[in-house]
2 protein chains.
Amino acid sequence: MSASRNNSSDQRRSGTVNIRDVASRAGVSIATVSRVVNHIATVDAELARRVWKAIEEVGYVPNTQARALVSGRSRMLGLIVSEITNPFFPELVQEFENLAVAQGYEVLIGSTNYEPVRTESLIRRMLQRNVDGVAVMTFGIEEDLVQKLVEREFPLVFVDAGPALPNIRVLKVNYAEGIRQAVQHLAALGHRHIAFISGPLRLRSAVARRDAFLKSMAELGQIVPPEHMVEGNHTMEGGMAAMEHLTGLAELPTAVLCSNDMTAIGVLHALYRTTHKVPEDISVVGFDDIHLAQFMLPPLTTVQMSCKHLAAAAVEALRAGIESDHPKAAQTEWHIPTQLVVRQSSAFPRGTLPALVERNAGKRKGAATKRNK
Amino acid sequence: MSASRNNSSDQRRSGTVNIRDVASRAGVSIATVSRVVNHIATVDAELARRVWKAIEEVGYVPNTQARALVSGRSRMLGLIVSEITNPFFPELVQEFENLAVAQGYEVLIGSTNYEPVRTESLIRRMLQRNVDGVAVMTFGIEEDLVQKLVEREFPLVFVDAGPALPNIRVLKVNYAEGIRQAVQHLAALGHRHIAFISGPLRLRSAVARRDAFLKSMAELGQIVPPEHMVEGNHTMEGGMAAMEHLTGLAELPTAVLCSNDMTAIGVLHALYRTTHKVPEDISVVGFDDIHLAQFMLPPLTTVQMSCKHLAAAAVEALRAGIESDHPKAAQTEWHIPTQLVVRQSSAFPRGTLPALVERNAGKRKGAATKRNK
DNA sequence: GCGGCTTCAGAAATCGTTTCCTAGCCTTCG
DNA sequence: CGAAGGCTAGGAAACGATTTCTGAAGCCGC
């Protein structure tokens with residue numbers, strides 16, 4: 001009698017074909033169908049074939065919600081970024097998503113727009129959707145929420161440094177190396193007055209980049225006057241405003257290092273408006289190496305932070321937290337390299353060795369660092 | 001006896017607090033808790049207060065999967081875009097997401113990278129996740145999949161024109177108006193040789209923009225030679241290649257209209273490499289008005305297609321399809337306006353009225369069209 | 001004072017899976 | 001030849017909600 005109710009050639013809700021339909025069609029139990037679908041080996045080859053055939057015929061698609069409900073895992077990953085409209089992040093999202101999908105996960109994306117409140121509400125929303133883990137590629141998460149999640153052993157991945165708690169995985173970006181290369185590159189060109197436009201200093205990674213700059217300058221014996229350290233906000237508008245501030249100074253720096261490429265684009269725009277020439281009047285260096293950078297006028301010298309690396313590390317770190325038998329389950333740190341890419345927005349400062357500039361500008365770039373083809 | 005098993009002050013799985021925990025804490029049944037959470041009015045105010053208190057105390061969060069399983073609705077929307085790394089789409093995604101979240105929906109994002117195969121697999125993945133509806137902001141979906149979805153009365157929203165089937169909602173962008181404004185703007189400046197770099201012509205919206213261009217030119221009595229119609233692919237690389245093709249021609253056009261802003265950025269870069277000056281040597285006009293456009297060197301004259309409008313229409317159209325009592329449930333078309341925004345990448349062609357160029361370039365812009373502040 | 005109607009809360013069925021447990025069958029070994 | 005043990009497949013119990021149905025009050029009117 002139960003068979004007569006379950007065996008539904010006429011489905012109760014239109015378009016919904018479920019595991020029971022497959023089972024009755026193949027003449028097996030739903031448990032067997034489940035085993036076949038999940039590739040559990042303990043099922044007879046002949047039966048499995050019949051099940052696959054039935055699945056094909058009725059057009060069965062497993063219901064993810066039901067599956068998640070009982071298994072307790074949703075195979076969804078959360079990815080929280082600072083600002084989806086900053087081109088660096090779509091590039092990261094794309095890489096992340098491709099990798100995640102290839103490994104059978106879906107991705108839920110959230111953008112905080114640099115508002116700490118949003119980070120929390122995003123995480124809550126994602127938890128409600130039962131994501132298996134969250135990668136936080138921004139800042140602003142409150143300690144006590146993290147604390148709770150850690151207690152639940154919920155897989156979390158942070159960039160740079162999360163709160164100092166166990167069971168959190170961290171992607172450590174080697175800002176110092178890239179920034180050091182950039183500073184040395186500028187110094188080698190003859191720059192002595194290098195300004196720095198930072199990101200919003202609430203952001204850990206922005207502070208890290210700024211500190212790396214100061215350290216590199218100090219290593220060269222250079223003291224940076226405070227008026228050459230400007231806080232931006234990682235947007236073009238911020239870069240523009242910061243550069244306008246710098247051009248208003250009595251002593252204009254001969255080079256500007258920016259905390260990200262969007263800032264650098266804003267700087268280029270500000271210099272365009274004040275008719276300063278780049279790189280003749282002033283050199284500009286970015287950070288991130290977004291795809292756009294090489295299309296700027298002039299193409300932007302910048303520090304590359306590999307999206308591919310970052311995304312791959314994030315996915316791996318999440319899986320390490322989710323799957324208890326993951327080979328890297330015990331690993332807590334992933335290291336992401338950075339590297340200077342020299343293009344045409346950096347050159348000898350005006351007045352120094354003009355002849356050399358003319359002759360060597362082409363050959364000079366990318367000497368010890370990555371060559372831009 | 002069942003009470004002793006369900007009443008779990010010690011939860012069976014760590015961190016999972018469910019409706020039963022709330023019920024036993026508040027001393028009510030799970031049905032009542034459900035009613036309270038869903039704001040169903042037939043529950044006593046005092047009881048409701050007790051339930052809310054219990055919810056607060058145990059930190060209850062409803063399990064979305066279970067809810068979706070029984071209610072048949074997931075409150076998730078799918079959004080499929082052409083290419084997430086084209087800055088237009090993150091802007092759209094952001095607007096869409098903000099609106100959706102404000103209305104209680106979550107968003108699943110997919111990027112096809114212009115591969116038709118991916119559109120299909122994306123839709124399938126989204127269906128598997130039980131999204132309530134999908135907005136397809138790109139092309140390449142196969143008719144028979146759509147046919148199946150239409151039969152299931154699955155809410156679908158297309159841009160421009162989906163397959164001609166009932167029960168599909170369409171966002172019609174008025175490309176013709178924006179393109180016409182752009183062409184007339186260039187013509188008014190004195191341009192007679194205007195080239196057009198299209199998008200990939202498999203894409204409906206790319207064809208629509210191209211046709212609008214040809215029509216506008218025809219209205220002015222201008223015939224466009226075939227070598228001035230170049231097919232691009234909506235990327236910077238495509239724009240660059242297309243422009244390189246154009247600069248190789250015997251007769252260089254005096255203006256180039258691009259099917260989107262990324263193409264225009266590629267064009268600017270190509271012209272930079274060939275040391276052509278914009279707008280003195282050649283005028284460049286884009287389409288989309290991405291945020292980046294105003295920061296280009298020079299700031300890009302472009303046709304604005306409002307993300308806000310588009311996103312709002314998409315969300316509204318989806319909800320109209322999902323919620324049977326929606327006020328616009330019967331509406332099948334939404335109209336999206338476009339409008340020229342004049343900036344500094346367009347000017348009089350070299351040789352014509354040079355004096356006027358000098359004197360009027362500043363005042364001229366934005367005469368009959370939107371003024372860029 | 002009692003019957004019927006309204007209101008509100010609880011019991012139980014259901015959604016579509018996974019997974020544990022058990023029953024049968026076949027093999028193998030004593 | 002019989003008992004033990006290993007496979008395989010099915011039955012049934014979860015998973016955490018919604019929702020229908022049922023039943024117990026309370027109130028009103030006759």
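Here is how names work: the chains are called A, B, and so on, in the same order as the sequence lines, proteins then strands, and each is numbered from 1. In this text the structure is predicted, and so the values were computed from the model without any measurement.
Contact annotation: A:Ser34 reaches the phosphate of C:dT18 (side-chain N/O to OP1 or OP2, under 4.0 Å). The phosphate of C:dG16 (OP1 or OP2) has a side-chain N or O of A:Asn18 nearer than 4.0 angstrom. For C:dT18, the OP1/OP2 oxygens have no side-chain nitrogen or oxygen of A:Ser71 closer than 4.0 Å.
Of the candidate nucleotides D:dA9, C:dC15, C:dT17, C:dT17 has the atom nearest to the side chain of A:Ile19. Minimum atom distance to the side chain of B:Ile30 is reached by C:dA12, of the listed D:dT8, C:dA12, D:dC15. Checking D:dA17, C:dT17, D:dG10 against every side-chain atom of A:Ser29, the shortest atom distance belongs to D:dG10. Residue A:Ala31 places its side chain closer to D:dG10 than to any other of D:dG10, C:dT17, D:dG16.
A donor-acceptor pair under 3.5 Å links the side-chain atoms of B:Asp132 to the main chain of B:Arg75, judged by distance alone. Judged purely by atom type and a 3.5 angstrom limit, B:Arg169 has no side-chain atom pairing as donor or acceptor with the backbone of B:Val157. Remark: side-chain polar atoms of A:Glu106 are not paired, donor with acceptor, to backbone N or O of A:Leu77 under 3.5 angstrom. With A:Thr64 contributing its side chain and B:Gln128 its backbone, the two residues share a donor-acceptor pair below 3.5 Å. Of the possible polar contacts, none joining the A:Arg319 side chain to the A:His326 backbone as a donor-acceptor pair under 3.5 Å is found.
Looking at A:Arg49 and A:Glu46, a side-chain N of the basic residue comes within less than 4.0 Å of a carboxylate O on the acidic one, giving a salt bridge. Here B:Arg118 does not pair with A:Glu97 in a salt bridge; the nearest charged N to carboxylate O distance is not below 4.0 Å.
Under the 4.5 Å side-chain criterion, counting only non-hydrogen atoms from C-beta, B:Phe96 is in contact with B:Leu318. Side chains of A:Leu127 and B:Val61 form no contact here, defined as non-hydrogen atoms less than 4.5 Å apart. You'll find the side chain of B:Asn18 stays beyond 4.5 Å of the side chain of B:Asn63, heavy atoms only.
Going from atom CG of A:Leu69 over to atom C1' of D:dT18 covers 12 Å, rounded to whole Å. Straight-line distance from the CG atom of B:Asn63 to the P atom of D:dC15: 12 Å, rounded to whole Å. One can place CD of A:Gln65 at 11 Å from C1' of C:dT17, the figure rounded to the nearest angstrom. Rounded to whole Å, the distance from CZ on A:Arg129 to C1' on D:dA17 is 14 Å. When rounded to the nearest whole Å, the span between CZ of B:Arg20 and P of D:dT18 equals 12 Å. If you measure from atom CZ of B:Arg67 to atom C1' of D:dC15, you get 16 Å, rounded to the nearest angstrom. For the pair A:Arg75 CZ and C:dT18 P, the interatomic distance rounds to 12 Å; values are reported in whole Å. Separating the CG atom of B:Asp44 from the C1' atom of D:dA24 is a distance of 15 Å, rounded to the nearest angstrom.
To the nearest 0.5 Å, atom CG of residue A:Leu92 and atom CE of residue A:Met137 are 4.5 Å apart.
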Atom pairs, N/O to N/O, protein against nucleotides 23-27 of chain C, distance under 3.5 Å?
none

Open item on the list: Pair A:Lys53, A:Glu56 - check salt bridge (charged side-chain N to carboxylate O under 4.0 Å, His left out), show working.
Closed with: CA-CA 5 Å; A:Lys53 187 155 160 279; A:Glu56 186 72 22; over 6 Å; no

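The stretch residues 35-43 of chain A touches DNA chain D through A:Arg35, A:Thr42, A:Val43, each having a heavy atom under 4.0 angstrom from the strand.
Between its two ends, the helix from C:dG1-D:dC30 to C:dG30-D:dC1 turns its axis by 60°, counting five pairs per end and rounding to 10 degrees.
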